[in-house]
Amino acid sequence: MINLKSTSTVKSGSIKMLAYGQAGSGKTSLIPTLPTPVILSAEGGLLSISHKEIPFLEISDMDALRDAYKWLAESDEAKQYSSVAIDSISEIAEVCLSKEKAIAKDPRAAYGEMQTTMAEIIRSFRDLPKHILMTAKLEKAQDEMGRMLYSPSMPGNKTGQSMPYYFDIVAALRVEKDAEGVTQRAMMLESDGLWQAKDRSGKLAAWEAPDLGEIIKKIGE
């Protein structure tokens, strides 16, 4: 039986976000702005938020990542956390690639297996009934016109190119100086043709303050 629905009934629910930027742009500092987060840390770079009391799991290999997913999906203990932050998905992809390279004789096969595995992992975590933040390193590439393009960094072209499609929000974390020379941090949420960014909700400004709690609130209005 066909059950025709209206798009007006679609609610935002949990928000799925990807934030990328150069080292020091404040990716990890976004995490405390999430509602009741737990962190899956693959980089060991939590010093910037060490003054916050946020629980985290260390992700040193793919088995640890799968155990973390099972805990988040099935345990009663994990229900107290409204948000999950994966810091960073770029590092997890590197760990995955290293594992596949150790198994495969052909490097191309290793990249293919990594791409398949990472697609499965990203979809699985994205589909958890929680707010999801994945951070990524910054990738720089020059196009045929000599312009510098900026995007989330992942090993393998296909993996990096497909990443933004999995998320509601893709935020480029920018660190710029204002007219007075004061350093300002902001989230860029609308692509300018050079920096990759998007806002599927259509409720956010092109630039927003780096506060994910406020972002979630705006999208839910």
Side-chain angles (χ1 to χ4, degrees), residues 15-34 37 39-52 54 56 58-59 83-98 114 118 121-122 125 132-199 204-215:
I15 307 303
K16 318 301 178 177
M17 298 171 276
L18 174 67
Y20 73 97
Q22 63 188 4
S25 60
K27 297 185 295 294
T28 303
S29 297
L30 280 175
I31 297 171
T33 69
L34 286 165
I39 306 169
L40 309 189
S41 175
E43 289 194 344
L46 301 179
L47 186 60
S48 63
I49 57 172
S50 60
H51 59 294
K52 306 282 187 180
I54 302 175
F56 73 95
E58 289 185 341
I59 306 299
S83 308
V84 178
I86 298 178
D87 190 33
S88 73
I89 196 66
S90 304
E91 189 67 27
I92 287 172
E94 292 287 356
V95 170
C96 180
L97 180 59
S98 294
M114 181 272 296
M118 289 308 300
I121 287 168
I122 292 167
F125 277 95
I132 302 296
L133 169 67
M134 298 189 191
T135 68
K137 299 174 183 176
L138 174 69
E139 178 81 17
K140 299 179 183 178
Q142 203 167 36
D143 69 5
E144 63 277 2
M145 297 171 62
R147 300 180 305 170
M148 193 61 72
L149 306 179
Y150 305 89
S151 61
S153 176
M154 294 287 279
N157 288 335
K158 287 184 180 178
T159 312
Q161 290 169 3
S162 65
M163 275 283 284
Y165 295 98
Y166 294 108
F167 299 92
D168 303 314
I169 305 294
V170 177
L173 286 169
R174 304 281 300 273
V175 182
E176 307 287 347
K177 292 187 184 295
D178 62 19
E180 285 73 42
V182 178
T183 299
Q184 302 285 348
R185 284 180 168 82
M187 297 170 62
M188 182 181 185
L189 297 164
E190 185 177 302
S191 178
D192 62 356
L194 301 178
W195 289 79
Q196 197 167 56
K198 78 170 186 181
D199 162 31
L204 304 176
W207 294 87
E208 294 278 358
D211 185 330
L212 298 183
E214 287 300 313
I215 293 290

* Could you pull out all residues at least two apart from Phe125 that satisfy ring-ring contact (aromatic ring centres under 6.0 Å, His included)? =>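 For Phe125 the ring-ring contact (aromatic ring centres under 6.0 Å, His included) partners, ignoring immediate neighbours, are Tyr69.
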
* **Partner set under ring-ring contact (aromatic ring centres under 6.0 Å, His included) for Tyr150, not counting sequence neighbours** =>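 In terms of ring-ring contact (aromatic ring centres under 6.0 Å, His included), with neighbours along the sequence ignored, Tyr150 is linked to Trp195.
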
Which residues share a side-chain hydrogen bond (donor to acceptor under 3.5 Å, both in side chains) with [X], sequence neighbours left out:
X      : value
Glu208 : Lys218
Gln184 : Asp178
Ser191 : none
Ser50  : none

Practice item. Spell out, as yes or no, whether a donor-acceptor pair under 3.5 Å connects the side chain of Lys27 to the backbone of Met134. Key: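 Not a single qualifying donor-acceptor pair exists.
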
* Asked: Do side-chain atoms of Ser83 reach the backbone of Pro37 as a donor and acceptor pair under 3.5 angstrom?
  ->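 Answer holds: no.
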
Passing option when Ile15 is tested against Ile132, Leu34, Ile169 for side-chain contact (heavy atoms from CB on, under 4.5 Å)
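It is Ile169, the one option of Ile132, Leu34, Ile169 that forms the side-chain contact (heavy atoms from CB on, under 4.5 Å) with Ile15.
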
Can you name the closest pair of heavy atoms from [X] and [Y] and give their distance?
X      : Y      : value
Gln196 : Ala172 : O-CB, 4.0 Å
Asp199 : Leu204 : OD2-N, 3.0 Å
Arg185 : Gly24  : NH2-O, 2.7 Å
Ala186 : Trp207 : CB-CE3, 3.8 Å

Quick one: do Leu97 and Met118 satisfy side chain to side chain contact (heavy atoms under 4.5 Å, CB included)? Show the steps, please.
CA-CA 9 Å; Leu97 180 59; Met118 289 308 300; over 6 Å; no

Taking only residues two or more places apart in sequence or in another chain, which ones pass side chain to side chain contact (heavy atoms under 4.5 Å, CB included) with [X]?
X      : value
Ser41  : Ile39, Leu46, Phe56
Lys198 : Val170, Arg200
Glu214 : Asp211, Lys217

Quiz item: How would you list all residue pairs meeting side chain to side chain donor-acceptor pair (under 3.5 Å) that involve residues 139-148, not counting sequence neighbours?
Solution: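 Listed once each, the pairs are Glu139-Ser153, Asp143-Arg147.
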
Open item on the list: Taking side chain to side chain donor-acceptor pair (under 3.5 Å) as the cut-off, I'd like each qualifying pair that reaches into residues 88-98, sequence neighbours left out, listed once.
Closed with: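 As it turns out, the side chain to side chain donor-acceptor pair (under 3.5 Å) pairs with a partner in residues 88-98, which skip direct neighbours, are Glu43-Ser88, Glu91-Lys137.
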
Are any non-hydrogen side-chain atoms of [X] and [Y] less than 4.5 angstrom apart?
X      : Y      : answer
Leu30  : Leu173 : yes
Leu189 : Ile215 : yes
Thr28  : Thr135 : no
Leu194 : Met148 : no

Going from [atom1] on [X] to [atom2] on [Y], what distance comes out if it is rounded to the nearest 0.5 angstrom?
X      : Y      : atom1 : atom2 : value
Ile59  : Ile89  : CD1   : CD1   : 10.5 Å
Asp87  : Ile92  : CG    : CD1   : 9.0 Å
Tyr165 : Ile122 : OH    : CD1   : 14.0 Å

Quiz prompt | Partner residues of Glu176 under the salt bridge (charged side-chain N to carboxylate O under 4.0 Å, His left out) criterion, sequence neighbours left out | solution =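 Counting only residues at least two positions away or on another chain, Glu176 forms a salt bridge (charged side-chain N to carboxylate O under 4.0 Å, His left out) with Arg174.
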
